[in-house]
Trainee: 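Quick one: the structure is below, questions incoming.
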Amino acid sequence: MCSLDIANNKTKCYNIHRCMVLLGGITEMIDTLTAYKCSFRFLQRNNPLIGEQRNAIKDDKKPDYSFLEFLNDYTEYTKDIAVGESSHRAISLSQDNIDYSEQNDICKWHIIMSAGKQGQPVTVVKIHTKKRYNYGSDTAALYNHHVFFYQKSDSIIAIFHRQNGSGCKSVFLETANKAIKSRGIKLEMELIMPMSNSVIDATPTKITLQYKKDVISSDVADNLGKHKKSYLVRELGLNLNVNENNSIMRIFRDFQLRRIPSNEAFALIKAEINDSKEYNDAEVNVKIGNRRRKIKWNEFESMMGTYDISEKLYNAYSKSKDFVRELYILVDEYYNMITDSEVI
């Protein structure tokens, strides 16, 4: 496993560039942390080892499977590249991008995963020379993502860093479960939402309901999965900052607190509006700290439970010029907030 210095050198140019862009005022980055409680369970469906694991499953036992064993399995599975069909993304991880440390009775792993979209043509442009490099749909454009794991006794907490909403949790979970399926085991990740005033989750300010129709192509492949296209027929905007839409805000709050699932929340919002049956999608304007973003309905769930570190991270970076070190400090602080809040 590598040292933090090696991991820092691998991302130094990339991180310094994006921090300079922010500090130069060209754009405004939103950096957030999202935490999950991780656990391993036996597969109850499609388990290739059901014969030998049936009694353990019946007795509700946990697999005798360590996080270190999982990392070895996962790096072996993704050392070249692994593709997530559901997430439409690809991911890669080598042992060289894993840093391990111990503090008191806590084991910590800092992992730099390369992940990004796949299955689409990509054009790469050299900024200084303006030279363009075109790649086909068999290409994956991978970017570095920082993920941190903390283990204390049997408790495993994963903290994912996201920038401008871009992360790797979905493709990580999908490929992780592919990597360990042959063991008859699955990885479960439960979102952690500490009840703390310091934790800033996405506050919806407006929802725009949309009615979209699919584009029917003569090419059958274009009508399937990620290739499927649609066009907007009509939309309806609802301001969530006015009293008239308080009932919809209550639905959002129930959704954010995990009292209702995504599909039920969407159905309840539609029920609050006359002639809304045809609406089948939505965009949500959200406020994250002092920043505002517009996201798709199916992306809103991933914004819940986020902890905004943008200001702290870049203020610290402007003094130290060490992005990874400052990120690590803030992740440690967030982990301590979670454990101190006793929500796990």
Trainee: I'd like to know whether C38 forms a side-chain contact (heavy atoms from CB on, under 4.5 Å) with L187, so could you lay out the CA-CA distance, the side-chain angles of the two residues, the decisive distance to 0.1 Å, and finally the verdict.
Mentor: CA-CA 7 Å; C38 302; L187 171 64; 4.0 Å; yes
Trainee: Verify the ring-centre separation between Y334 and Y307: is it less than 6.0 angstrom?
Mentor: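 They qualify: ring centres under 6.0 Å apart.
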Trainee: What is the distance from atom CG of L49 to atom CG of L43, rounded to the nearest 0.5 Å?
Mentor: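 The CG atom of L49 sits 9.0 Å away from the CG atom of L43.
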Trainee: Are any of the side-chain nitrogens in K178 or E85 under 4.0 Å away from the carboxylate oxygens of its partner?
Mentor: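 E85 and K178: salt-bridged.
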Trainee: Would you find a donor on one side and an acceptor on the other, under 3.5 Å apart, between the side chain of S92 and the backbone of D80?
Mentor: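 Looks like yes, one N/O pair under 3.5 Å.
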Trainee: Roughly how far, to the nearest 0.5 Å, is CG of D281 from CD of E235?
Mentor: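 The CD atom of E235 sits 10.5 Å away from the CG atom of D281.
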Trainee: Check the orientation of F266 and W297. Use parallel for under 30°, tilted for 30 to 60°, and perpendicular for over 60°.
Mentor: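 Ring orientation of F266 relative to W297: tilted.
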Trainee: Determine whether a donor-acceptor pair (N or O, by modelled atom type, separation under 3.5 Å) exists between the side chain of E69 and the backbone of S66.
Mentor: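 Checked: pair present.
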Trainee: Supply the members, apart from V124, of the Ile/Leu/Val/Met/Phe/Trp/Tyr cluster built from side-chain contacts under 4.5 Å; use none for a lone residue.
Mentor: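 V122, Y133, Y135, which link up through side-chain heavy atoms under 4.5 Å apart, make up the rest of the cluster.
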Trainee: Would K108 and D332 pass as an ion pair if we require N to O under 4.0 Å?
Mentor: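 Looking at D332 together with K108, the answer is yes, because their closest N to O distance falls below 4.0 Å.
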Trainee: Looking at the rings of F148 and Y328, which for Trp means the six-membered one, are their centres under 6.0 Å apart?
Mentor: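 Yes, close enough.
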Trainee: Any chance you could lay out the side-chain contact (heavy atoms from CB on, under 4.5 Å) test for I207 and I269, step after step, and finish with the verdict?
Mentor: CA-CA 10 Å; I207 180 171; I269 290 172; 4.1 Å; yes
Trainee: Checking Y150 against T339: is there a side-chain donor and acceptor pair closer than 3.5 Å?
Mentor: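 On atom types as modelled, these side chains do not qualify, holding no pair under 3.5 Å.
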Trainee: Between Q53 and N47, do the side chains contain an N or O donor and an N or O acceptor separated by less than 3.5 Å?
Mentor: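 There is such a pair (donor and acceptor under 3.5 Å, judged by atom type) between the side chains of Q53 and N47.
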Trainee: Would a hydrophobic clustering, with Ile, Leu, Val, Met, Phe, Trp and Tyr connected at side-chain separations under 4.5 Å, put Y279 with Y231?
Mentor: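 Result: yes, single cluster for both.
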Trainee: Distance-only, no hydrogens or angles: does the K270 side chain make a donor-acceptor pair with backbone N or O of K277 under 3.5 Å?
Mentor: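 Indeed, once roles are kept as given, a pair shorter than 3.5 Å links the two residues.
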Trainee: Enumerate the side chain to side chain donor-acceptor pair (under 3.5 Å) contacts for residues 240-249, please, sequence neighbours excluded, ordered by first and then second residue.
Mentor: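 Counting only pairs at least two positions apart or across chains, the side chain to side chain donor-acceptor pair (under 3.5 Å) contacts touching residues 240-249 are S247-E272.
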Trainee: Is there a side-chain contact between H128 and K126, using heavy atoms and a 4.5 Å cut-off?
Mentor: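 The answer is no, as the side chains (C-beta and beyond) never meet within the 4.5 Å cut-off.
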Trainee: Got Y36 and T34 here, is their nearest side-chain heavy-atom distance under 4.5 Å?
Mentor: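 A side-chain contact exists here, since the closest heavy-atom pair is under 4.5 Å.
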Trainee: So how far is it from L33 CG to I159 CD1, rounded to the nearest 0.5 Å?
Mentor: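 L33 CG to I159 CD1: 6.5 Å, rounded to 0.5 Å.
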Trainee: Of the non-hydrogen atoms in Y335 and K152, which two are nearest, and what is the gap between them?
Mentor: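 For Y335 and K152, the tightest heavy-atom pair comes out as OH-CB, 4.1 Å.
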Trainee: In terms of side-chain heavy atoms, does S137 have a donor or acceptor partner in Q120 at a distance below 3.5 Å?
Mentor: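 Distance-only check fails for S137 and Q120.
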Trainee: Can you tell me how the ring of F323 sits relative to the ring of Y314, calling it parallel under 30°, perpendicular over 60° and tilted otherwise?
Mentor: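 Answer is tilted, since the angle falls between 30° and 60°.
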Trainee: Give me the atom names and distance for the closest heavy-atom approach of T205 to K287.
Mentor: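 Residues T205 and K287, closest heavy atoms: CG2-CB, 4.2 Å.
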Trainee: Determine yes or no for a side-chain-to-main-chain donor-acceptor pair under 3.5 angstrom, with T78 supplying the side chain and I91 the backbone.
Mentor: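 Not confirmed, T78 side chain does not pair with I91 backbone.
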Trainee: Are I180 and F40 packed together at the side-chain level, in the sense that at least one heavy-atom pair is separated by less than 4.5 angstrom?
Mentor: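 SC-SC contact between I180 and F40 confirmed.
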Trainee: Please answer: with hydrophobic residues joined when any side-chain heavy atoms are less than 4.5 Å apart, are L209 and M249 in the same cluster?
Mentor: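 The answer is yes; both residues are in one hydrophobic cluster.
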Trainee: Between R234 and E278, is there a side-chain N and carboxylate O pair less than 4.0 Å apart?
Mentor: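 Yes.
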Trainee: With distance as the sole criterion, is a donor-acceptor pair present between the side chains of S310 and D308 under 3.5 Å?
Mentor: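 A pair is found: one side chain offers a donor N or O, the other an acceptor, under 3.5 Å apart.
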Trainee: Closest heavy-atom contact between A140 and A90?
Mentor: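 Closest heavy-atom pair between A140 and A90: CB-CB, 3.8 Å.
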Trainee: Within a strict 4.5 Å, meaning less than it, do heavy atoms of the I81 and L142 side chains meet?
Mentor: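 When only atoms from C-beta onward are counted, L142 and I81 do touch, with a gap below 4.5 Å.
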Trainee: Any donor-acceptor pair under 3.5 Å linking the side-chain atoms of H145 with those of H161?
Mentor: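 No, H145 and H161 have no side-chain donor paired with an acceptor closer than 3.5 Å.
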Trainee: Start with the C-alpha distance between S230 and D214, add both sets of side-chain angles, then the distance that settles side chain to side chain donor-acceptor pair (under 3.5 Å), and finish with yes or no.
Mentor: CA-CA 4 Å; S230 62; D214 293 334; 4.9 Å; no
Trainee: Looking at N134, I'd like to know if its CG atom is crowded, meaning that more than 12 non-hydrogen atoms belonging to other residues, nucleotides or ligands lie closer than 6.0 Å.
Mentor: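 Atom CG in N134 is crowded, with more than 12 foreign heavy atoms closer than 6.0 Å.
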Trainee: Run the side-chain contact (heavy atoms from CB on, under 4.5 Å) test on I57 and Q44 for me, step by step, so that the C-alpha distance in whole Å, both residues' side-chain angles and the decisive distance to 0.1 Å come before the verdict.
Mentor: CA-CA 7 Å; I57 294 172; Q44 297 192 23; 3.9 Å; yes
Trainee: Can you tell me how far the CZ atom of R45 sits from the CD1 atom of I50, to the nearest 0.5 Å?
Mentor: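 Interatomic distance, R45 CZ to I50 CD1, rounded to 0.5 Å: 12.0 Å.
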Trainee: Is L330 reachable from I157 through a run of hydrophobic residues whose side-chain heavy atoms are each under 4.5 Å from the next?
Mentor: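 Hydrophobic grouping puts I157 with L330.
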Trainee: Please tell me whether L71 and Y77 are part of a single hydrophobic cluster in this structure, the criterion being side-chain heavy atoms less than 4.5 Å apart.
Mentor: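 No, it is not one cluster - the side chains of L71 and Y77 are not joined through contacts under 4.5 Å.
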Trainee: Do S166 and Q163 have side-chain atoms, one donor and one acceptor, less than 3.5 Å apart?
Mentor: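 Their side chains do not contain a donor-acceptor pair, so the 3.5 Å distance test is not met.
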Trainee: Evaluate the side-chain proximity of F255 to S262: yes if any heavy-atom separation is below 4.5 Å, no if none is.
Mentor: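 When only atoms from C-beta onward are counted, F255 and S262 do touch, with a gap below 4.5 Å.
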Trainee: Do M189 and K169 have side chains that get closer than 4.5 Å, going by heavy atoms?
Mentor: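 SC-SC contact between M189 and K169 confirmed.
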Trainee: I need the I156 CD1 to K37 NZ distance, nearest 0.5 Å.
Mentor: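 The NZ atom of K37 is 10.5 Å from CD1 of I156, to the nearest 0.5 Å.
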Trainee: Shortest non-hydrogen contact from K206 to G237?
Mentor: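 Looking at all heavy atoms of both residues, the shortest contact is CE-CA, 4.1 Å.
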Trainee: Around atom CG of D59, are there more than 12 heavy atoms of other residues, nucleotides or ligands at under 6.0 Å?
Mentor: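 It does: D59 CG has more than 12 such atoms within range.
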Trainee: In the structure I gave you, are the side-chain heavy atoms of T75 and N97 within less than 4.5 Å of one another anywhere?
Mentor: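 No, side chains not in contact.
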Trainee: State whether a side-chain donor-acceptor pair under 3.5 Å links S320 with E326.
Mentor: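 Looking only at side-chain atoms, E326 and S320 do form a donor-acceptor pair, the distance falling under 3.5 Å.
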Trainee: Hey, can you tell me if W109 and Y100 have their rings parallel, tilted or perpendicular (30° and 60° cut-offs)?
Mentor: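 Rings of W109 and Y100: tilted, as their planes differ by 30° to 60°.
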Trainee: Using a strict threshold of under 4.0 Å (side-chain N to carboxylate O), is an ion pair present between D31 and K312?
Mentor: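 So K312 does not pair with D31 through a salt bridge.
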Trainee: I would like to know whether I295 and V286 meet side-chain contact (heavy atoms from CB on, under 4.5 Å); could you show each step before the answer?
Mentor: CA-CA 8 Å; I295 59 176; V286 297; 4.1 Å; yes
Trainee: Hey, what's the ring geometry for F172 with F149, parallel, tilted or perpendicular (30° and 60° as the breaks)?
Mentor: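 If you compare the ring of F172 with that of F149, the planes turn out tilted.
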Trainee: What's the shortest heavy-atom distance between L240 and F252, and which atoms?
Mentor: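 The pair with the smallest heavy-atom distance is CD1-CE1, 3.7 Å.
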Trainee: How about H110 and H146: do any of their side-chain heavy atoms sit closer than 4.5 Å?
Mentor: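 They are in contact (side-chain heavy atoms under 4.5 Å apart), so the answer is yes.
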Trainee: Under 4.5 Å between side-chain heavy atoms, hopping through other hydrophobics if needed: is there a path connecting I329 to Y317?
Mentor: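 No.
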Trainee: If you compare all heavy atoms of L327 against all heavy atoms of L313, which two are closest, and at what distance to 0.1 Å?
Mentor: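 Heavy-atom minimum between the residues: N-CD1, 3.7 Å.
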Trainee: At what distance, to the nearest 0.5 angstrom, does CD1 of I98 lie from OH of Y74?
Mentor: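 I98 atom CD1 to Y74 atom OH measures 10.5 Å (nearest 0.5 Å).
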Trainee: Should we count CG of D105 as having more than 12 external heavy atoms under 6.0 Å?
Mentor: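 For D105, atom CG is crowded (more than 12 foreign heavy atoms under 6.0 Å).
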